Amino acid sequence: DTEVTQTPKHLVMGMTNKKSLKCEQHMGHRAMYWYKQKAKKPPELMFVYSYEKLSINESVPSRFSPECPNSSLLNLHLHALQPEDSALYLCASSQDNRAVLAFFGQGTRLTVV
Amino acid sequence: GDSVTQMEGPVTLSEEAFLTINCTYTATGYPSLFWYVQYPGEGLQLLLKATKADDKGSNKGFEATYRKETTSFHLEKGSVQVSDSAVYFCALLIQGAQKLVFGQGTRLTINP
């Protein structure tokens, strides 16, 4: 299994909603990442978890809350988002935090209305 | 700071044409260099990589050589196919860091 699986693939939420994005990998990777990609732009790093501990937070607003319950699972909890947060959210994993980042999920396309 | 500059797209070619997508970088350390490809509606896939000067990365007919003297990592393919239509991102990773720095991406369209 060489996949990073993200659910849901599409999500529409209101500005007062609470929702969560989910990411799973079963490759034994110990580093997991959240990226945000706006239309026609490159991905921007949001968070890095290394050995289930948050190691990088790129000054992301607190309405985005990451969680890594175990080494295979990464969540992104969303609350009180703004329309400008609409984007493709990509999860990725690597063997450890210095390894080549080779595996990205297909992303969750989020629309905030 | 560290940065990557790619040729602006979109790039449109006919099938079997020769492809070059230029990429240059600025880095304070000794970066590893990557090309990623993003097909429509999908996440990124690692296409090829090079970790030190003069290394050549290759995959699926694509090649790129790490040129330290010109700080470049241009992507080439001798004969493109319609299925190569995608957005291509050049990226760098500083040794010991966890953060990829991406270029702006180049949209490639191949016409039959």
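Each chain gets a letter, A, B and so on, in the order the sequences are listed, and its residues count up from 1. Below, all heavy atoms of this structure are taken into account, side chains as well, without hydrogens, waters or symmetry copies. This structure is a prediction, so every number in the text was calculated from the model and none was measured.
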Taking it one step at a time, do A/Tyr35 and B/Leu100 satisfy side chain to side chain contact (heavy atoms under 4.5 Å, CB included)? CA-CA 10 Å; A/Tyr35 280 83; B/Leu100 276 169; 3.8 Å; yes
Answer yes if A/Leu45 and A/Phe47 sit in the same cluster of Ile, Leu, Val, Met, Phe, Trp and Tyr residues linked by side chain heavy atoms under 4.5 Å apart, and no otherwise. no
Evaluate the side-chain proximity of A/Pro43 to B/Tyr36: yes if any heavy-atom separation is below 4.5 Å, no if none is. no
Under 4.5 Å, heavy atom to heavy atom, which residues of residues 2-21 of chain B contact chain A? none
Under 3.5 Å, which donor-acceptor pairs do the side chains of residues 102-113 of chain A form with other protein atoms, sequence neighbours left out?
| unit_1 | atom_1 | unit_2 | atom_2 | d |
| --- | --- | --- | --- | --- |
| A/Thr108 | OG1 | A/Pro8 | O | 2.5 |

Linking I/L/V/M/F/W/Y whenever any side-chain heavy atoms sit under 4.5 Å apart, do A/Met27 and A/Met32 land together? no
Tell me the closest heavy-atom pair linking A/Leu88 and B/Glu42, and the distance in Å. CD2-O, 4.4 Å
When clusters are formed by joining ILVMFWY residues with side-chain heavy atoms under 4.5 Å apart, either directly or through shared neighbours, do A/Trp34 and A/Val4 land in the same one? no
For B/Tyr39, which atoms come within 4.5 Å of any heavy atom of chain A: side chain, backbone, both, or neither? neither
Heavy atoms, side chains only, cut-off 4.5 Å: are A/Leu90 and B/Leu44 in contact? yes
Listed by residue number, which members of residues 45-76 of chain B have a heavy atom under 4.5 Å from any heavy atom of chain A? B/Leu46, B/Lys49
Does a sphere of radius 6.0 Å around OH in B/Tyr30 hold more than 12 heavy atoms from other residues, nucleotides or ligands, not counting ones at 6.0 Å or beyond? no
What about A/Tyr33 and A/Met46, same hydrophobic cluster or not, with Ile/Leu/Val/Met/Phe/Trp/Tyr joined at side-chain heavy-atom distances under 4.5 Å? no
Tell me, side chain or backbone of A/Gln37 under 4.5 Å from chain B's heavy atoms, or both, or neither? side chain
Whether over 12 other heavy atoms sit under 6.0 Å from A/Arg30 CZ: yes
Proximity of residues 48-69 of chain A to chain B, residues having a non-hydrogen atom under 4.5 angstrom: A/Val48, A/Ser50, A/Ser55, A/Ile56, A/Glu58
For A/Pro42 versus B/Phe102, what's the shortest heavy-atom pair and its separation? CB-CB, 3.6 Å
